[in-house]
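A, B, ... follow the sequence lines: proteins, then strands. Residue 1 opens every chain.
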Amino acid sequence: MNNMEDTLIPKIGVITDVRIDTPDIKTFRVVTPDGKKAFDHRPGQCAMLSVPGVGEAMFSITSSPTNEEYMEFSIKKCGCVTEWLHQAEVGQQITIRGPYGNPFPVDDVFAGKNLLFIAGGVGLAPLRSVINYCRHYRDRYGEIDIVYGSRSKDDLLDYKEIIEEWSNDAGVKVHLTIDNPQEGWDGHVGFVPNYVKELGFDTNKTAVLCGPPIMIKFTLEGLCAMGFDKTQIYTTLELRMKCGVGKCGRCNVGAKYVCKDGPVFRCDELDELPDEY
Amino acid sequence: MRKCSLDSINSVFAEISKAASLYLPVDGTDGAATYTKWEEGLTWSNALNTVKSPKDFFFPQTEDLMEFKTSGKNIEVIDTRSEMEDFVVFGVRACDVKSFEVLDRVFIKEPVDSYYASKRQHGTIVAVACGRPAETCFCQTFGINPAEPAGDVSIWKTETEVFFRANTEKGEALMSKLSGLTEECGEETVNAQKEKIAAIMNKLPLKDLTTDGFGGGKTKELFDAPEWDELSQACLGCGTCTFVCPTCQCYDIKDFNTGNGVIRYRCWDSCMYSEFTKMAHGNNRLTQKERFRQRFMHKLVYYPENNDGLFSCVGCGRCLSKCPISMNIVKVMKKIGGKASE
Amino acid sequence: MQTITRDQLLDKAVSLLADGTVTAVLGWSKGEFDYDVTPAVFKTEAELKENFVWNDFCGANFSKYLVAKMDRLEGKMLVFLKPCDTYSFNQLLTEHRFDREKVYAVGIPCEGMVDIAKVKAICGEGISSVDCGGDKLLVTTLYEEQPVEVATAEVLAERCVNCKSKKHVAYDELLGEEGEVIDSNRFDEVEKLEAMTPDERFAFWQNELSRCIRCNACRDACPACTCEKCVFDNPNSGVENKAPANSFEEKMFHIIRAYHVAGRCTDCGECSRVCPQNIPLHLLNRKFIKDMNEFYGEYQAGAEVGSRAPLVDYTTEDLEPGEVFDRRDTNA
Amino acid sequence: MQVNEFKPLIVAFCCNWCSYAGADLAGNNRLNYPADVKIIRVPCSCRVNPMFILRAFQRGADGVILCGCHPGDCHYTSGNYYTRRRMAALFSMLDFLGIEKERTRVEWVSAAEGAKFAATMNDFVEKVTALGPNKRLEDLRCKR
């Protein structure tokens, strides 16, 4: 048959740049062999990357859709596929398919709103796509606050971009924090949920959360205590996936499939789902 | 409606085999029936059903998806599929026919799974009415009538004759090939058999089993039911129920390095297995109770929620007879559903 | 027909619960039909009276449940052990897989368990009730006016036909009469296969193993398979495959499974009982048992606690792997 | 393909302390044995998991031979005694499944026995060649 048409059959992607962000996170730039973007996506969507013989895994696309040249993936070393990718060099081919999942509602719900992004660790990866999208269409959105925390200064993802670009944008406020005091760090020290409480945001914002489950849990509680309604808060989930299209049956939480109905959920939607994520 | 004598059924098989591969239940050396490719000398089994369901024809236990050839940093993707040929699955029971509808809703929903779809397209299903349902049958719970099996052709088998009725274009095409071997007939004998089956259905021990208390939107109500503990306590975590089930459709995608390439294939997976949801950074279903609950919630709540109320169980009874510890969907439905409707 | 009655077991369980000796009872719970019995933990007298059963279908070996079931249990667990279960019980103790102090084992005699598949082969599908009485079963079906009489001996599970022992090797208390170790014919079938030509043996196993659907029931039911992390679940082991992709993988799985329990397998027969595809898995296990008996002296796993299995032991005089075949060829 | 053209692929697991040195000695003494024998060095014959042997067959071996120190000479005192029992059980099982018993062998070769190593390999290759390609424990995916 050789028609090569099935959602499970991937395209070839070439790694054209590898940026070392932190000791365990690298950002990979991926294009097709003819130098184009593999496909268009919306902020918050994901792609399946694979290394033949090693495995396939879902990663959030960290570059903004407004970047028309390439896609970027910030990947933390934690399993077989990621470990392999971390040793990959520029020019290495991998396979890529997507885009999967639903995006953040950047064009309807978010439009005209003040936005509050809260991320922890590698949780900034999916948010960077939205943040840069919103910065690109700056006039469509109100004030933007970004709270980002990590274990240490060295573990802060996209540090250079944050300091040199984000912080200088009009109407964008960046609040960084690290878990423990460190030499050469004069910023805030403390966990993200506490920092959010200290900062005490107005409830006229739409919040987007991403990070380790424990951070999400306490930040969510903090925001609710501040008077945020759960319909104002968005987050993204991650579970084991194989197909990416809601058929292989393992990433469901209740009747929802994270790969297809997620990964972006509004927090009040999550309340409707059983506690299994 | 057409008929032929049971004695001449082998010539019908021979005729079908001329144009397409024919698969039908044949008794194995262990006494259990298995779908086998028909050839001269094989006889159609009298068994009520096969241990392994016919979902294998459309969603095989293992199936190569593609192959990768790597050289240096480069990768080549090869679609290894060959042209699909027509085939006929003969002697499928009403419950299993219904299971194809359940699978269709998963695989032929956008984005269409072309591996599955092309097999569905090339397969013709000849379904047979159940003259002697077993005590483990509960298809009527899901609105299935074993006397009126769907499929491309429906057949009824009596002691001496086999009656045919084409239901679809594919079925008509198949029957037209058999016109010389079958003769036109009335429906009296078949109607009599239908009545007999209806009478037996009324005597089945599980005839009163209902789906009350289940369906879409019941997640909150049922998820934290205390009964899950008791129901799942004996579960061994094997995959028997999922692998004999005609509607279980979870799969895994894996790579096999052959030494001169990588074959990416998919194979059935089971939500009962401990590493089903295991990721690099953790597992969201750590206990057998959670895995057990997932299987039944999926069949009775999640699936109907996403598919207009259709349940992902067809009452074939395979899990009832094959579970090593005799825990099954009927016991779950009685325990949990019974409670919800009280 | 069992010599000991449900009521006797029930009385024992109820009185042990009442006097506080145990806080839970591991027993068999009745199902939808007369034959689909499920293992269950009972905590109260009421539960026991309602659901506890003991009949010719209580085949499940409870020993394995002891590994997982007692973690959070306060007090002791009463477990009923048939003679063959006691061997598994001892073997698990040898391997330190559960806390003996938390178990109150009651040995019960067993007259053999019935294989419902054999009953169905005789009476057909549609069994509405099975009455165990005397040495016969009275089987009522949906299709026969009169109940069919089936001799129990004809429908006993294979492992019970070739029962190796009616003697309990472990218990705190014994109900009924103690039996004897039986000089069974359990290796006959293995010998029959050994006498075949390699081609015949290959064809035999090809036919049997090709039915395998890799459900892992044989592993999961096996009281010797208690690894926390099984090699078949390890994605990096090279054998982690959820489906037998070809005949190599079918053989690989079954060789490795049997090999991993070789020397520790007590021949309880659970693997063959639970196999949905009726593969005679016990023959693989028995081949190992028979070989080890012949090569290294008689050994029954689980006969006593703390004994050393043949494959984790050696003597300087052991026979050479090549001599295995020489022996057989000269015997033949 | 004609039978006489068949060149078997043989995998030989050799213990580092005796047999591997024996193979070395065979080479130094210019003793001939077929190039179809692929040697895998293992720290002790006892390192060889039965799965290694099955996997060798899967990956295309037509025969697998395991060489270790003579019983009593094990560098780790008792490793090869365990090997002896394990392989006796495994080979017997393979035979029970109908797999040709000539495809597997255990041989004890010391560091001084270069000649024995070469002779063993020659003999083993000859026997496996006579059997023809491994068909009963093959994985077709690895052959395409």
Side-chain angles (χ1 to χ4, degrees), chain B residues 21 23 28-30 32 34 36-37 52 56-57 59-72 74-85 87 114-116 118-119 238-239 243 251-269 273-275 278, chain D residues 1 5-14 34-42 47-66 90 93-100 103-104 121 124-125 128-129 131-144:
Chain B
S21 303
Y23 298 89
T29 45
D30 64 329
T34 317
T36 312
K37 188 169 175 179
K52 223 175 148 182
D56 215 20
F57 289 107
F59 174 45
Q61 185 159 18
T62 53
E63 174 175 33
D64 288 354
L65 298 176
M66 68 204 85
E67 195 172 348
F68 300 102
K69 295 271 184 203
T70 50
S71 63
N74 294 336
I75 301 171
E76 187 193 350
V77 188
I78 303 161
D79 189 340
T80 48
R81 282 180 283 182
S82 50
E83 195 63 55
M84 193 72 214
E85 280 170 9
F87 62 96
S114 59
Y115 297 88
Y116 177 88
S118 76
K119 293 193 190 72
C238 75
F243 286 3
Y251 62 81
D252 196 358
I253 298 177
K254 296 170 81 70
D255 286 358
F256 177 79
N257 194 331
T258 64
N260 42 27
V262 172
I263 297 174
R264 179 161 292 169
Y265 64 99
R266 74 162 156 216
C267 59
W268 295 353
D269 202 347
Y273 288 164
S274 60
E275 81 303 351
K278 190 170 174 237
Chain D
M1 191 171 69
E5 280 176 22
F6 167 66
K7 284 207 173 284
L9 178 65
I10 305 292
V11 173
F13 290 100
C14 291
D36 314 315
V37 178
K38 311 288 181 216
I39 296 180
I40 297 176
R41 177 154 70 159
V42 286
R47 171 70 185 88
V48 177
N49 183 323
M51 215 134 78
F52 292 4
I53 292 174
L54 298 178
R55 297 268 274 166
F57 282 119
Q58 178 184 26
R59 298 278 153 180
D62 298 300
V64 180
I65 183 165
L66 175 54
L90 177 70
M93 176 53 77
L94 291 179
D95 174 64
F96 189 61
L97 293 177
I99 289 136
E100 304 93 336
R103 289 197 193 278
T104 46
M121 291 304 153
F124 189 56
V125 169
V128 175
T129 310
L131 280 177
N134 160 35
K135 288 274 176 215
R136 297 194 169 171
L137 261 184
E138 72 178 347
D139 190 328
L140 284 174
R141 292 173 303 180
C142 296
K143 295 199 167 166
R144 68 184 189 207

Just checking, B/R81 and B/Y115: is the charged tip under 6.0 Å from the six-membered ring centre and within 45° of the axis? yes
If I compare all heavy atoms of B/N260 with all of D/C142, which pair ends up nearest, and what's the gap? ND2-O, 4.2 Å
Answer whether the closest heavy-atom distance between the side chains of D/E138 and D/P133 falls below 4.5 Å. no
Can you tell me how far the CG atom of D/L94 sits from the CD1 atom of D/I99, to the nearest 0.5 Å? 5.0 Å
Among residues 57-66 of chain D, residues within the sub-4.5 Å heavy-atom range of chain B, in order of number, are D/Q58, D/R59
Please check: side-chain N/O of D/D95 versus main-chain N/O of D/L97, any donor-acceptor pairing under 3.5 Å? no
Between B/D56 and B/Y23, does a side-chain contact (heavy atoms from CB on, under 4.5 Å) hold up when you go through it step by step? CA-CA 12 Å; B/D56 215 20; B/Y23 298 89; over 6 Å; no
